Amino acid sequence: MGIERDGKARRQDWVMRGFRQFDAPVSVVITVDRELANDTIAHFDCGAATYGLVLAAWSKGLGTVINGQEIMQSTAVRENANIPDDQVIMTCVAMGYPDEDFVANHVQSRRAVTDAAASFVGFA
Ligand SMILES: Cc1cc2nc3c(=O)[nH]c(=O)nc-3n(C[C@H](O)[C@H](O)[C@H](O)COP(=O)(O)O)c2cc1C
């Protein structure tokens, strides 16, 4: 990103950008019924739905950022998006057509090798 560790203003700007959902035109708020909040399967479903959402968006040419930072300001999210109290806010997803010229969109994350995360049994 070209932001130096001591570049306080630019680092702060980046943090604020996260709170602004990276200036995307759409913010999807992912919630779970409060009654199911202690049900670990509901959390799994929520992740699966979010994963499906971002892949479906990408298939239509839309970029997304699953943005957990919003949880730090969930009161503001609840107020602005009219989320009822019987819903627990899990995460937000910023969505919009990617700006290919924006420097963050040139970042390519490294991947661990598959064997570091999965074991294959019976395929030898
Ligand atoms: C649950 C979850 C929360 C995330 N929260 C943030 C966040 O708060 N800020 C951020 O910049 N990226 C966040 N990310 C990462 C971006 O969504 C990331 O770009 C996306 O997972 C693609 O990963 P990749 O860069 O490894 O391809 C989060 C991802 C996940 C799965």
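Source: prediction; values computed, not measured. Order of appearance sets the numbers: ligands from 1, and atoms from 1 within every ligand. Positions are given from 1, in the same order as the sequence printed here.
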Step-by-step salt bridge (charged side-chain N to carboxylate O under 4.0 Å, His left out) determination, Arg10 to Asp13: CA-CA 5 Å; Arg10 293 191 66 197; Asp13 175 62; over 6 Å; no
Test Val29 against Val77 for side chain to side chain contact (heavy atoms under 4.5 Å, CB included), laying out the working first. CA-CA 8 Å; Val29 185; Val77 173; 3.9 Å; yes
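In terms of protein heavy atoms, atom 9 (N) of ligand 1 is closest to Asn67 OD1, 3.2 Å. Scanning all protein heavy atoms for the shortest distance to atom 1 (C) of ligand 1 gives Ile66 CG2, 4.0 Å. Among all non-hydrogen protein atoms, the one lying nearest atom 24 (P) of ligand 1 is Ser109 OG, 3.2 Å.
Looking at Val32, Thr50, Ile71 one by one, the single match for side-chain contact (heavy atoms from CB on, under 4.5 Å) with Met90 turns out to be Val32.
Val65 and Val107 fall into different hydrophobic clusters, where Ile, Leu, Val, Met, Phe, Trp and Tyr side chains are chained together by heavy-atom contacts under 4.5 Å.
Within ligand 1, counting atoms from 1 as listed, the ones closer than 4.0 Å to a heavy atom of Gly68 are 3 (C), 4 (C), 5 (N), 6 (C), 7 (C), 8 (O). Annotation for ligand 1: atoms under 4.0 Å from non-hydrogen atoms of Arg111 are 24 (P), 26 (O), 27 (O).
Within the 4.0 Å cut-off (strictly below), a protein heavy atom is located near atom 28 (C) of ligand 1. Inside a 4.0 Å radius of atom 20 (C) of ligand 1 there is not any protein heavy atom. Within a 4.0 Å radius of atom 14 (N) of ligand 1, the protein contributes one or more non-hydrogen atoms.
With a heavy-atom cut-off of 4.0 Å, Phe22 touches ligand 1 through its side chain alone.
Here the closest heavy-atom approach between residue Tyr97 and residue Lys60 is recorded as CE2-O, 4.1 Å.
At a cut-off of 3.5 Å, with distance as the only test, a side-chain donor of Asp33 or Gln87 sits close to an acceptor on the other residue.
Heavy atoms from other residues, nucleotides or ligands lying under 6.0 Å from OH of Tyr51 number 12 at most.
At least one heavy atom of Val65 sits under 4.0 Å from some atom of ligand 1.
Relative ring orientation between Trp14 and Phe22 is described as tilted, the plane-to-plane angle lying within the 30° to 60° band.
Considering backbone and side-chain N/O of Gln69, one or more are found under 3.5 Å from N/O of ligand 1.
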